[in-house]
Undergrad: 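The structure that follows is given in the form of structure tokens.
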Amino acid sequence: MALTGRTALLAALGSLPVALLEPSWLGVAAVNSPLAVAMMCDYALAAPVRKLRFTRSGDTHVRQGEMAETSLQLTNTSSRPLRALLRDPWPPSNAVPGTTDAARHRVEVPAGGTRELHTQLRPTRRGEAVAHSVTVRSYGPLGLVSRQATHPVPGSLRVLPPFHSRRLLAAKTARLRELDGRTSALGRGEGTEFDSLRRYVPGDDTRSIDWRATARRSEVAVRTWRPERDRRVLIVLDTGRTSAGRVGDAPRLDATMDAALLLAALASRAGDRVDLLAFDRELRAQVRGRAAPQLLPALVDSLASLEPQLVETDARGLAAEILRSTPRRALVVLLTTLDTTPVEEGLLPVLGRLTDRHTLLVASVADPRLAEMAAARGTVEKVYQAAAGHKAQAERDRTAGLLRRRGVTVVDAPPADLASALADAYLSAKGAGKL
């Protein structure tokens, strides 16, 4: 038996003699006192909590930052009405901002009745959010004492990446359709696929004229070309220590995930086959061989629990994993850092093995703070900040230049622009027939 605040107050004021307050109701010494009698009656009339039954339902998946709702069905199997305070505890990162405790519910359930309770959640962290139990405190009609028990009622909510760049997908897909028409009109580019013949119109590239077909016709015929389809795209996420660095309010890994999702959605709509792997010193996630309708769900589910690892990325192991998983030529999109040491000591020594077999594109999250530091003026401290910003940006530009001179396409953009810039780089490579 648990004493409520009302009972403790009465005892403290001395309005009724209570000699001893122990955890058990037998510890009330003055058994014949009015308070003790009231407490025992209240305890006897409180609904038992051990006989309650619970069933969970509601959302099982939600995107990070979006609202979800979990439902708890409570059945009172006893012969007494239940007046209770119930707590359905979820990890604090799932609480709705601005609410004191949305997991607490005051409930009244008649004997043999059922009530359904709803808890609003808004997760701020990816991964698996788990609730293990439900605690119920049942009060008697006077509210003097209560019964309490904790029931194992497991529940889980898988929190998926938010995919903020989804809003750009329609515009990028429109550019892809436009690319089909533009490529047909202006030329083929190396490696593009022949589509059909049509009549020459002023402005067409003369190199597209098909002289043999023209000889068989009474008009000049030109070849039309379309962007390559059914090509392979491998997206590689570096989950080593540099991906844990925060730019703004989020780790670099979150921005690279968002860019990877937009690229995968766009490439699948373009008819290309997309695979993904995440690696640091070991393989953390992999998605392979999924058809276009299943690709995006598989990616977001695989990335949901992915976290940065505070270890140095094994560049040799990463290159070996890429070559092992993708033996045929592909566009390899490596989302990693452009910091000088990891690139010069890790990536550059294995770069030749990758570029000999694949087309390589390196994308990195730039910190907008560098530009702000470089523009600082007015005080000695700000001048030092400006010097540091210029130096850091110069080293980053030099590292990008080293990669470009070795035939690597480099995308370096702030978190808000990375997804769009990476999609544009893919479309440019697609239009030029470089996949």
Side-chain angles (χ1 to χ4, degrees), residues 61 63-64 126-127 158-166 168-169 172 230-240 242-243 251-309 313-315 317-337 347 354 357-365 408-409 411 415 418-423 425-427 429-430 435:
H61 293 77
R63 292 197 180 276
Q64 180 183 345
R126 289 179 290 102
R158 191 158 182 81
V159 185
L160 307 176
F163 196 7
H164 297 303
S165 61
R166 180 191 291 271
L168 304 174
L169 185 56
K172 300 303 179 184
D230 201 28
R231 294 300 189 262
R232 287 180 169 82
V233 178
L234 175 64
I235 302 174
V236 182
L237 294 176
D238 178 359
T239 55
T242 56
S243 67
R252 283 186 168 91
L253 182 60
D254 286 15
T256 59
M257 279 185 186
D258 194 56
L261 290 174
L262 178 63
L263 176 61
L266 182 63
S268 65
R269 291 191 179 190
D272 293 331
R273 287 174 284 178
V274 181
D275 297 330
L276 177 139
L277 62 88
F279 190 93
D280 42 75
R281 287 189 173 274
E282 60 183 82
L283 190 64
R284 301 291 178 179
Q286 187 173 31
V287 176
R288 296 187 60 190
R290 298 302 180 99
Q294 292 83 37
L295 176 64
L296 209 56
L299 287 178
V300 296
D301 187 66
S302 178
L303 297 177
S305 56
L306 193 64
E307 295 292 343
Q309 304 298 314
T313 299
D314 178 10
L318 176 61
E321 184 64 33
I322 291 173
L323 296 174
R324 184 198 64 79
S325 64
T326 313
R328 297 180 62 181
R329 188 165 188 83
L331 171 65
V332 176
V333 180
L334 176 58
L335 292 130
T336 185
T337 181
L347 183 58
L354 295 175
R357 186 178 298 182
H358 301 299
T359 300
L360 184 61
L361 189 158
V362 172
S364 180
V365 180
V408 178
T409 302
V411 174
L418 181 65
S420 180
L422 183 57
Y426 164 78
L427 291 173
K430 187 105 174 146
L435 300 191

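Hydrogens, waters and symmetry mates are skipped; everything else that's a heavy atom, side chains included, is used.
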Undergrad: Check whether Arg63 reaches the backbone of Phe163 with its side chain - one donor and one acceptor, N or O, closer than 3.5 Å.
TA: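 Checked: no pair found.
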
Undergrad: Examine distances only and state if a side-chain atom of Arg288 and a backbone atom of Ser325 form a donor-acceptor pair shorter than 3.5 Å.
TA: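 Side chain of Arg288 to backbone of Ser325: a pair is present.
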
Undergrad: Can you tell me how far the CG atom of Leu347 sits from the CG atom of Leu354, to the nearest 0.5 Å?
TA: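 It is 7.0 Å, given to the nearest 0.5 Å.
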
Undergrad: With no hydrogens and no angle check, is any side-chain donor or acceptor of Arg126 less than 3.5 Å from a backbone partner on Leu306?
TA: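 At least one qualifying donor-acceptor pair exists.
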
Undergrad: Distance-only, no hydrogens or angles: does the Arg329 side chain make a donor-acceptor pair with backbone N or O of Arg357 under 3.5 Å?
TA: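 It does hold such a pair.
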
Undergrad: Could you check if a side-chain atom of Ser302 sits within less than 4.5 angstrom of a side-chain atom of Leu299, using non-hydrogen atoms only?
TA: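 Side-chain contact under 4.5 Å: no.
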
Undergrad: Output the distance between atom CG (Leu263) and atom CG (Leu422), rounded to the nearest 0.5 Å.
TA: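 If we round to the nearest 0.5 Å, Leu263:CG and Leu422:CG are 5.0 Å apart.
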
Undergrad: Kindly check if the number of other-residue, nucleotide or ligand heavy atoms within 6.0 Å of CZ (Arg158) is above 12?
TA: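 Above 12, so yes.
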
Undergrad: Tell me whether His358 contacts the main-chain N or O of Thr326 through its side chain, where contact means a donor paired with an acceptor under 3.5 Å.
TA: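 Yes; at least one donor-acceptor contact below 3.5 Å.
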
Undergrad: For Ala265, is there any backbone N or O sitting under 3.5 Å from a side-chain donor or acceptor partner on Ser268?
TA: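 Side chain of Ser268 to backbone of Ala265, a donor-acceptor pair under 3.5 Å: yes, one is there.
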
Undergrad: Check the side chains of Asp280 and Thr239 for a donor-acceptor pair under 3.5 angstrom, ignoring hydrogens and angles.
TA: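 Asp280 and Thr239 do have a side-chain donor-acceptor pair below 3.5 Å.
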
Undergrad: CD1/Ile235 to CG/Leu334 distance, rounded to the nearest 0.5 angstrom?
TA: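 One finds 11.5 Å between CD1 of Ile235 and CG of Leu334.
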
